[in-house]
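Structure first, then comments.
In what follows, chains are A, B, ... by sequence order, proteins preceding strands, each numbered from 1.
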Amino acid sequence: MQKPSVPQGTRDFAPAVVRKRQYIFNTLKTMFERYGFQPIETPAMENLETLMGKYGEEGDRLIFKILNNGLHEKKDKARNTLMEEWEKVTSRSYSSTAVTERALRYDLTIPFARFVVMNQNDIAFPFRRYQMQPVWRADKPQSSRYREFWQCDADIVGSNSLINEAELLHIYCGAFDQLKVPVAVKVNSRKMLAGLAELCGAPEKMMEITIALDKLDKIGWTGVEKELTERGIEETGRNTIHRIIQTTGTNAEKLVAFGEIMQASEIGKAGVEEIKKTLDYYAALGGNTEHQLKVDISLARGLNYYTGIIVEVVCTDPNGAVGSIGGGGRYDDLTGLFGLKGISGVGISFGVDRIYDVLQKLDLFPAHLDSGAKIFILNLGGENEIYGLSLLRKIREAGLNAEMYADAAKFDKQMKYANKRGFAYVIIPGDSEREQNKVSLKFFLTGQQQLVGIDECVNVLKIAEQNNMNA
RNA sequence: GAGGUGGUAGCUCAGCUUGGUUAGAGCAUCAGAUUGUGGUUCUGAGGGUCGAGGGUUCGAGCCCCUUUCGCCUCCCCA
């Protein structure tokens, strides 16, 4: 017998897990809808060229490529070329567009950009969309890192207003408040980082400086300084960077300090200004800008399409540490890659699988998640079967969830099944009950049992469920 | 790409250091105690190519080599 397994980095979800995941999806969906976002869905696979070159070198490597099924269909010379390329691919580390011309989606942002370009005539801009679908990365799995995982994205395209940024920050803070996860939403700006590079006299080295700076938490200033030196940043530049990361205080105080340091850089000043303005809008929408939001110049974010504000969410409870659980930012002209110029966008993403892990670690799932059917009818065979089914129908018509055991198995076995499934009510339609046109209704949690008529039974259940909902 | 650790019953694992009759436990399943009353008990039963291949040995789950798959860490990310 072959031992069954799922592919590396993927998981099955048992009923109880799906219920919990749905709790997260529903919370996010409600939030997105509240802010006026509309749902879309895109295919699991994209053309490889749609994805390549959008996520940086590392990202390209992690794209799951799909075998070209033409390998089995084409009959001409093209097939021979395919076979030759296939030989090369299978014999060594080699990638060929003849062999793979499609790939599994790596995130939801790039497919969304493609969607916008393709549907530009039908879309009313600014367009707010949300999307909740799985993505795939050919990464090596680790704890809280999967090869198949779900993202929930909200993006707005076709508007440059920083009100959009403020709204998305509200969605972040609001959603995690509802989920009761303590978070810090780090906010930075690519423009500030560009300004920093300018002040270092090395504007072309923005990405390198950013990558070094991103490690501040892990390797400290001495480590960062060493790395900056290795990357060719002069001492005056390093001192400027040191000065800026030493800035402490409230977000407002930090921004004042950043503004002073950035005096000599136009783009740096613009970065400071846009964060300031975003926070002003945020406050106008009713948020406390000093609560969860943390202006953090060391925040990097690898995706190279970001151009404006960038954000990242982490859980602040050390017991719930699983890396970042959300991220996003503004990308000017992302659709320009697909031929639609002048459309700016901004978006955020929720990492559902990691949020699940956090909720699980911190024990934050509600105690009473809907567990499905609560009413169970025993199958006592013979005429009782039909009797039971007619009752089942009436219960369902009353809008209640119910099921009946399909086999006339032993009484004991059916009761054990009911216990394991966690039904709240068990109905016993046996010979003696049927002869009186009644049933025994057992309250499974207390063990109490009563003999009731059919209609009464439905009513009792209806009232009990009503009370349960209100409680 | 680099390192660590593991694979034994359907599931979770013990056994390995020190090779030696028929490889164990808990949970789960099935049957019975109890023919129409679940959770707790008690009794019994079924279930194993010990990841795969090779080597050493009179003898290998255990020692050696090769290989494969999983988990974890670094890098990077959600």
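Side chain A/K410 to base B/U35: no donor-acceptor pair is found below 3.5 Å. Counting distance only, with no hydrogens placed and no angle test, the side-chain atoms of A/Q414 and the base atoms of B/U37 include no donor-acceptor pair under 3.5 Å.
A salt bridge is defined here as a Lys NZ or Arg NE, NH1 or NH2 lying under 4.0 Å from an Asp or Glu carboxylate O, and A/R354 with A/D357 fails to meet this definition.
Nearest to the side-chain atoms of A/Q151 among the listed nucleotides B/G32, B/A78, B/C76 stands B/A78.
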For side chain to side chain contact (heavy atoms under 4.5 Å, CB included), just list the numbers for A/D317 and A/V181, CA-CA rounded to whole Å, side-chain angles, deciding distance to a tenth of an Å, and then say yes or no.
-> CA-CA 8 Å; A/D317 187 324; A/V181 178; over 6 Å; no

Go through A/K54 and A/D107 one step at a time and tell me if the salt bridge (charged side-chain N to carboxylate O under 4.0 Å, His left out) criterion holds.
-> CA-CA 10 Å; A/K54 312 299 194 298; A/D107 72 354; over 6 Å; no

Given salt bridge (charged side-chain N to carboxylate O under 4.0 Å, His left out), test A/D353 with A/R145 step by step and report yes or no.
-> CA-CA 9 Å; A/D353 302 78; A/R145 175 180 305 198; over 6 Å; no

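On the P atoms, B/U12 is 24 Å away from B/U68, given to the nearest whole Å. One P atom belongs to B/C76, the other to B/C69, and the distance between them is 27 Å to the nearest Å. The C1' atoms of B/G70 and B/G51 are separated by 10 Å, rounded to the nearest whole Å. B/C72 and B/A31 have their P atoms separated by 38 Å, with the value rounded to a whole Å. Between B/U73 and B/A28, the two C1' atoms lie 34 Å apart (nearest whole Å). On the P atoms, B/C30 is 43 Å away from B/G19, given to the nearest whole Å. Separating the P atom of B/G61 from that of B/A78 is a span of 48 Å, rounded to the nearest Å. Taking the P atom of each, B/U29 and B/G20 are spaced 35 Å apart, rounded to whole Å.
Between A/L299 atom CG and B/C77 atom P there is a gap of 10 Å when expressed in whole angstrom units. With rounding to whole Å, A/R354 atom CZ is found 11 Å from B/C77 atom P. Between A/Q131 atom CD and B/A78 atom C1' the separation is 15 Å, expressed in whole Å. A/K186 has its NZ atom 13 Å from the C1' atom of B/C77, to the nearest Å. Taking atom CZ of A/F149 as the reference point, atom C1' of B/C76 lies 12 Å away to the nearest angstrom. Separating the CD1 atom of A/I355 from the P atom of B/A78 is a distance of 12 Å, rounded to the nearest angstrom. Following rounding to the nearest Å, A/I375 (CD1) and B/G38 (P) show an atom-to-atom distance of 22 Å. One can place OH of A/Y55 at 16 Å from C1' of B/C76, the figure rounded to the nearest angstrom.
The residue among A/M415 and A/E148 whose nearest nucleotide of RNA chain B is located toward the 5' end is A/M415.
Between the side chain of A/N251 and the main chain of A/V295, a donor-acceptor pair closer than 3.5 Å is present. Remark: side-chain polar atoms of A/R396 are paired, donor with acceptor, to backbone N or O of A/A402 under 3.5 angstrom. In terms of modelled atom types and a separation under 3.5 Å, the side chain of A/K215 and the main chain of A/G223 share no donor-acceptor contact. One N or O on the side chain of A/N188 and one on the backbone of A/I297 form a donor-acceptor pair closer than 3.5 Å.
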Output a table of nitrogen or oxygen pairs between the protein and nucleotides 67-72 of chain B separated by less than 3.5 Å.
{"from": "B/C72", "atom 1": "OP1", "to": "A/S143", "atom 2": "N", "distance (Å)": "3.4"}

What nitrogen or oxygen pairs link the protein and nucleotides 39-46 of chain B at under 3.5 Å?
{"from": "B/G39", "atom 1": "O4'", "to": "A/N419", "atom 2": "ND2", "distance (Å)": "3.1"}

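If you check every strand for non-hydrogen atoms under 4.0 Å, A/F350 touches nothing.
Between the side chains of A/D155 and A/Y331, at least one donor-acceptor pair of N or O atoms lies under 3.5 Å.
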When the side chains of residues 438-449 of chain A are checked against the rest of the protein, which donor-acceptor pairs come out under 3.5 Å, sequence neighbours left out?
{"from": "A/S440", "atom 1": "OG", "to": "A/E433", "atom 2": "OE2", "distance (Å)": "2.6"}
{"from": "A/T446", "atom 1": "OG1", "to": "A/F443", "atom 2": "O", "distance (Å)": "3.4"}
{"from": "A/T446", "atom 1": "OG1", "to": "A/Q448", "atom 2": "N", "distance (Å)": "3.3"}

Just distance, no hydrogens or angles: give the donor-acceptor pairs under 3.5 Å from side chains in residues 404-416 of chain A, sequence neighbours left out.
{"from": "A/Q414", "atom 1": "OE1", "to": "A/N379", "atom 2": "N", "distance (Å)": "2.8"}
{"from": "A/Q414", "atom 1": "NE2", "to": "A/N379", "atom 2": "O", "distance (Å)": "2.7"}
{"from": "A/Q414", "atom 1": "NE2", "to": "A/A409", "atom 2": "O", "distance (Å)": "2.8"}

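Pair assignment for B/G1: B/C74, on the basis of Watson-Crick or G-U wobble contacts that are both within less than 3.5 Å. Both distances falling under 3.5 Å, in either a Watson-Crick or a G-U wobble arrangement, occur for no nucleotide opposite B/C16. Pair check for B/A33 finds B/U41; Watson-Crick or G-U wobble, both atom distances under 3.5 Å.
Every residue was checked against the ring-ring contact (aromatic ring centres under 6.0 Å, His included) condition with A/F13, not counting sequence neighbours, and none meets it. For A/K20, the side-chain hydrogen bond (donor to acceptor under 3.5 Å, both in side chains) partners two or more places apart in sequence, or in a different chain, are A/Q360. By the ring-ring contact (aromatic ring centres under 6.0 Å, His included) test, A/W150 pairs with A/F25, sequence neighbours left out. In terms of the ring-ring contact (aromatic ring centres under 6.0 Å, His included) criterion, residue partners of A/F423 (sequence neighbours excluded) are, by chain and number, A/F376. Under the side-chain hydrogen bond (donor to acceptor under 3.5 Å, both in side chains) criterion, A/E165 pairs with A/R330, sequence neighbours left out.
For residues 428-436 of chain A, proximity to RNA chain B is found at A/I428, A/G430, A/D431, A/S432, A/E433, defined as any non-hydrogen atom under 4.0 angstrom from a strand atom. Listed by residue number, the members of residues 310-326 of chain A with any heavy atom below 4.0 angstrom from RNA chain B are A/S324, A/I325, A/G326. Within residues 20-42 of chain A, no residue has any heavy atom under 4.0 Å from RNA chain B.
Classified by interplanar angle (parallel below 30°, tilted 30° to 60°, perpendicular above 60°), the ring pair A/H170/A/Y282 is parallel.
When each of A/Y172, A/F149, A/Y130 is tested with A/F350 by the rule ring-ring contact (aromatic ring centres under 6.0 Å, His included), just one qualifies, namely A/Y172.
Applying the 4.0 Å criterion to OP1 and OP2 of B/A31, one finds that A/K413 has every side-chain N and O outside that range.
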